[in-house]
Structure formats: C-alpha cells, structure tokens
**Student:** 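Dropping the structure in here first, questions after.
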Protein chains: 2
Amino acid sequence: MILSKTCDYAMRAVFYIAAQKERKFIPIREVSEKLDISFHFLTKILQVLTRAHILVSFKGPNGGIALACPAESISLSDISKAIDGSKIYEECILGLDQCGDENPCPLHNEWKRIRDQIQNLFDKTTFAEVAEKINCGEFRITNLLKKNK
Amino acid sequence: MILSKTCDYAMRAVFYIAAQKERKFIPIREVSEKLDISFHFLTKILQVLTRAHILVSFKGPNGGIALACPAESISLSDISKAIDGSKIYEECILGLDQCGDENPCPLHNEWKRIRDQIQNLFDKTTFAEVAEKINCGEFRITNLLKKNK
DNA sequence: ACATTTTAGGATAAAAAACTCTTAATAGCG
DNA sequence: CGCTATTAAGAGTTTTTTATCCTAAAATGT
C-alpha cells in the first residue's frame, strides 16, 4: 500500500467535496455516509487537512467543510503530504537510509524513475480534474461491497 | 511504503545470500549481523521463504540457508509475493474494492500504468543481476547509520 | 437565553505490524 | 553418546495504525 488507509480516506473525502461544485459547506456526516467511512475517524482526518489550510470548516447548522482554495490549485500531493508526509517521494524501496545517487541501493536507479512518475502524477493532478471525472459519472470513489457488519 | 519492512528485510537477506556465490549454507546469524537485522525476526521471515521453497535450510553445524535454485531464476517478485502477497500488483491506489477497467476509480488508468512498471521491474529483475551489482561494489544493502541503541 | 447542528479534541480500544524470547529439533563431531 | 552449532516453531511483547467514544466549543435560528 503506497498510501495509508487514512490518506485514502482523505483523498476520497476531498474528491467528494470537490465534486460538489456549487455547494458551500458540506457536513462531514454526509461525506462519511456517502463514502461509508466512520464519521468520527473521518472527522479526525479532516481536522488535519483543516489545520493544513487545505480545507476550511464551519461549525453549527449549515456548517461543514469546504475547500480552502479553488480545486484547480489543490493537487493530490498536497493531501498525501499533509497526511502521510513526503517520505513516499524520497524513500528507498528497500528502506535504507540516505539512499540516493551517491550511496545507491541496487534498485535505486530503477525505483527512482518510477517514484518520480508517482510524484509527477500526484503533483500534476488537481482536484478539479478529478471532480470533473467523477461528475461525468464514469468513475467511482466508493466501494462496491458494503463492509461486513 | 510499497513493501513492508518485513519484505525489505527479506529482499536484503536474499541479496546478501545471492552475493555469496561460491559458498553453500550461510548462517542466518551472519546475515543478521552483516545487515543489522534482528536475528530472531530475520529467522522468522526466512522461514517463510523456506516454506515457499525459495530458500533451503540446513540445521546444525555448517548449516544455514541457501538459495533453492540458481539466482538467475529467482526474481524480486518471488520474494515480494511470498512475503507481502500479490496485492501491490492489483490494489487500487485509493483502496477501493474491485477497481479495474470495468469500475475504475478516477486514478485507475494512471495508477495502472505505474503499477505495471513496478510489476515489470520486480518480475524481470533477478537476484543474479542484483548480486552482480553488489559484488561490483557500487551498491549497498546496508544502512549507513547504525540504529539508535 | 435555549435548543440544535456541527466541528474539535482527548481518551481509549482494537487490530495489525514489528520485534523478542524461549524451547525444541536436527546435524555433525569428538 | 553427549556436546555444540544451527534452524524451526511458537508464545509473548511492543509499537504503529486504525477506529470508537465521549465531552466541549462554536454557530445558528427561534
């Protein structure tokens, strides 16, 4: 798993919010129900994004959360870095410290190429693009199967 | 982290063994000391590889572990699958179930391309190649810094 | 002022991953 | 045979990640 589960939840939540163009504040409860993510846990995760100024929140009736800036200016890597940190973009695939062009592991050169592609994908993909894809209806951000309960 | 820490240890251990061309059975203790991995933990991990018939083991004096087949015929993905399973080659980056060409998530197409490259790298890279790289001395499989103790 | 809706945050629990320890089994050697 | 070197196996612990629960604080409408 390249992204933590926490980060997956965060991404999907922000996808959902971004896809609600017109609306202002979306209650976390609604997001949690639509995406089938534990409300309390999601609340916690989104607090991190609010503190990182990626989202803004508003308490009280008609409250909820909203993007802090236009979806065009938020990239996937903003979320991934806020939740999981930058390590996926820097880390050695074998977990070695200071693996770089100077002291490479045997897979460094090959892995670096792939890692850069991941970074490039996450950097260049904005939530505006993803929101459009979702709203065109051909892509989903929910599970097909409900969790076992 | 794309590979679990356990899998990283396994990879490095097999790298080490593969790099000892001439020798037969290498004691796990030696591997654990050279790579600075907990002996008992490494033992556990390598048992999995032995049960998967990637390694063979021999108890008693002059015992140890060795590759079960020539290093040319063991690929990185053999180890990764034995330890972590195949999920990294199949999983959705957002953690959604059944994300494929039929019910894609918004990142499916892009992620699939990258995931296939990872699979390709792991499938095509054999331990013979890596062993050669290690023996030529330009690549390392150990940490530079000792763990905090 | 009060009730309602909502986020914020702490405290805790459950599950998974990483690591440790102890004991058993096996093989070789004197 | 009995000693030693070595892996095998399994129980037990710690740490990290994921998830739940409860109470407080803020905003709104009446």
Side-chain angles (χ1 to χ4, degrees), chain A residues 1-13 17 23-33 35-68 83-85 87-88 94-95 143 147-149, chain B residues 1-13 17 23-33 35-68 80 83-85 87-88 94-95 147-149:
Chain A
M1 248 201 218
I2 185 123
L3 300 176
S4 70
K5 217 168 168 186
T6 301
C7 190
D8 282 341
Y9 290 161
M11 291 271 188
R12 289 168 54 210
I17 297 160
R23 300 174 60 196
K24 310 198 39 183
F25 287 102
I26 321 278
I28 299 181
R29 180 125 253 149
E30 172 184 334
V31 182
S32 81
E33 280 166 4
L35 302 186
D36 198 34
I37 300 170
S38 149
F39 167 70
H40 289 290
F41 192 39
L42 186 57
T43 292
K44 276 255 150 86
I45 298 169
L46 297 184
Q47 275 171 31
V48 176
L49 299 184
T50 328
R51 278 196 285 261
H53 305 292
I54 293 170
L55 300 178
V56 287
S57 68
F58 201 76
K59 292 178 181 177
N62 311 315
I65 46 172
L67 301 183
I83 302 287
D84 284 344
K87 62 180 188 307
I88 55 165
L94 298 177
N143 277 307
K147 304 205 185 110
N148 52 324
K149 266 220 186 140
Chain B
M1 251 200 216
I2 187 120
L3 301 177
S4 70
K5 220 168 165 185
T6 300
C7 190
D8 282 341
Y9 290 160
M11 291 270 187
R12 289 169 54 210
I17 297 160
R23 300 175 58 195
K24 308 196 43 176
F25 287 103
I26 319 279
I28 299 181
R29 180 124 254 150
E30 172 184 334
V31 181
S32 81
E33 279 167 4
L35 302 185
D36 199 31
I37 300 170
S38 149
F39 166 71
H40 289 291
F41 192 37
L42 186 57
T43 293
K44 267 244 154 103
I45 299 170
L46 296 185
Q47 276 170 28
V48 176
L49 298 185
T50 318
R51 280 194 285 259
H53 304 293
I54 294 170
L55 299 180
V56 287
S57 68
F58 202 76
K59 292 180 181 176
N62 309 316
I65 46 173
L67 302 184
S80 123
I83 302 287
D84 283 345
K87 60 179 191 306
I88 56 165
L94 298 176
K147 301 204 183 112
N148 50 325
K149 265 211 190 151

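Chain naming here is simple, since letters A, B, ... match the order of the sequence lines and numbering starts at 1 in each.
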**Student:** Taking the side chain as C-beta and beyond, is there a heavy-atom pair between A:Leu46 and A:Tyr9 under 4.5 Å?
**Tutor:** no
**Student:** Looking only at the side chain of B:Asn62 (C-beta and beyond, no hydrogens), which of the listed nucleotides C:dG28, C:dG9, D:dT6 gets closest?
**Tutor:** C:dG28
**Student:** Tell me which nucleotide among D:dA8, D:dT28, C:dA27 gets nearest to the side chain of B:Ser57.
**Tutor:** D:dA8
**Student:** Which nucleotide in the set D:dT7, C:dA18, C:dT5 lies at the smallest distance from any side-chain heavy atom of B:Lys59?
**Tutor:** D:dT7
**Student:** Can you measure A:Leu49 atom CG to C:dA8 atom P for me and round it to whole angstrom units?
**Tutor:** 11 Å
**Student:** Look at all strands and tell whether B:Phe58 reaches a base, only sugar-phosphate, or nothing, counting heavy atoms closer than 4.0 Å.
**Tutor:** sugar-phosphate
**Student:** Does A:Gln47 place a side-chain N or O at less than 4.0 Å from the phosphate oxygens OP1/OP2 of C:dG9?
**Tutor:** yes
**Student:** Rounded to whole Å, how long is the line connecting atom CZ of A:Phe39 with atom C1' of D:dT23?
**Tutor:** 13 Å
**Student:** Minimum heavy-atom separation for B:His53 to B:Ala68, with atom names?
**Tutor:** O-CB, 3.4 Å
**Student:** Any idea which of C:dC19, D:dT7, D:dA8 is nearest the B:Lys5 side chain?
**Tutor:** C:dC19
**Student:** Against A:Ile28, only a single residue in A:Ile65, A:Ile17, A:Ile37 fulfils side-chain contact (heavy atoms from CB on, under 4.5 Å); can you say which?
**Tutor:** A:Ile65
**Student:** Grab the two heavy atoms, one from B:Arg12 and one from B:Leu35, that are nearest each other, plus how far apart they are.
**Tutor:** NH2-O, 2.9 Å
**Student:** Remember a base hit wins even if backbone is also touched, and classify A:Ile28 as base, sugar-phosphate or nothing at under 4.0 Å, heavy atoms.
**Tutor:** sugar-phosphate
**Student:** Tell me which of A:Gly60 and A:Leu42 sits closer to the 5' end of DNA chain D, going by the nucleotide each one is nearest to.
**Tutor:** A:Leu42
**Student:** Within the structure, does a side-chain N or O atom of A:Tyr9 lie under 4.0 Å from either OP1 or OP2 of D:dT18?
**Tutor:** no
**Student:** Rounded to the Å, how far apart are A:Glu30 CD and C:dT5 P?
**Tutor:** 15 Å
**Student:** Output the single nucleotide from D:dA8, C:dA27, D:dT18 whose closest atom is nearest the side chain of A:Thr6.
**Tutor:** D:dT18
**Student:** Just N and O in the side chain of A:Ser38: are any of them under 4.0 Å from OP1 or OP2 of D:dT20?
**Tutor:** yes
**Student:** Is any side-chain heavy atom of B:Gln47 closer than 4.5 Å to one of B:Ser57?
**Tutor:** no
**Student:** State whether the distance check finds a donor on one side and an acceptor on the other, under 3.5 Å, for side chain B:Lys44 versus base C:dT20.
**Tutor:** yes
**Student:** Whole Å only: how far is the NZ atom of B:Lys24 from the C1' atom of C:dA27?
**Tutor:** 14 Å
**Student:** Within this structure, what is the CD1-to-P distance between A:Ile45 and D:dT17, rounded to whole angstrom?
**Tutor:** 13 Å
**Student:** Using whole Å, report how far CZ of B:Phe41 lies from P of D:dA11.
**Tutor:** 17 Å
**Student:** Rounding to an integer number of Å, can you tell me how far B:Leu46 CG sits from D:dT7 P?
**Tutor:** 9 Å
**Student:** More 5' along DNA chain D: A:Cys7 or B:Ile26, using each one's nearest nucleotide?
**Tutor:** B:Ile26
**Student:** Ignoring hydrogens, what is the shortest heavy-atom contact between A:Ile88 and B:Met1? Give both atom names and the distance.
**Tutor:** CG2-N, 3.9 Å
**Student:** Separation of B:His40 atom NE2 from D:dA9 atom C1', in whole Å?
**Tutor:** 12 Å
**Student:** Choose from D:dA8, C:dT5, D:dT4 the nucleotide whose nearest atom is closest to any side-chain atom of A:Pro61.
**Tutor:** C:dT5
**Student:** Let's see if you can work this out: which of D:dA9, C:dG9, D:dT28 has an atom nearest to the side-chain heavy atoms of A:Arg51?
**Tutor:** C:dG9
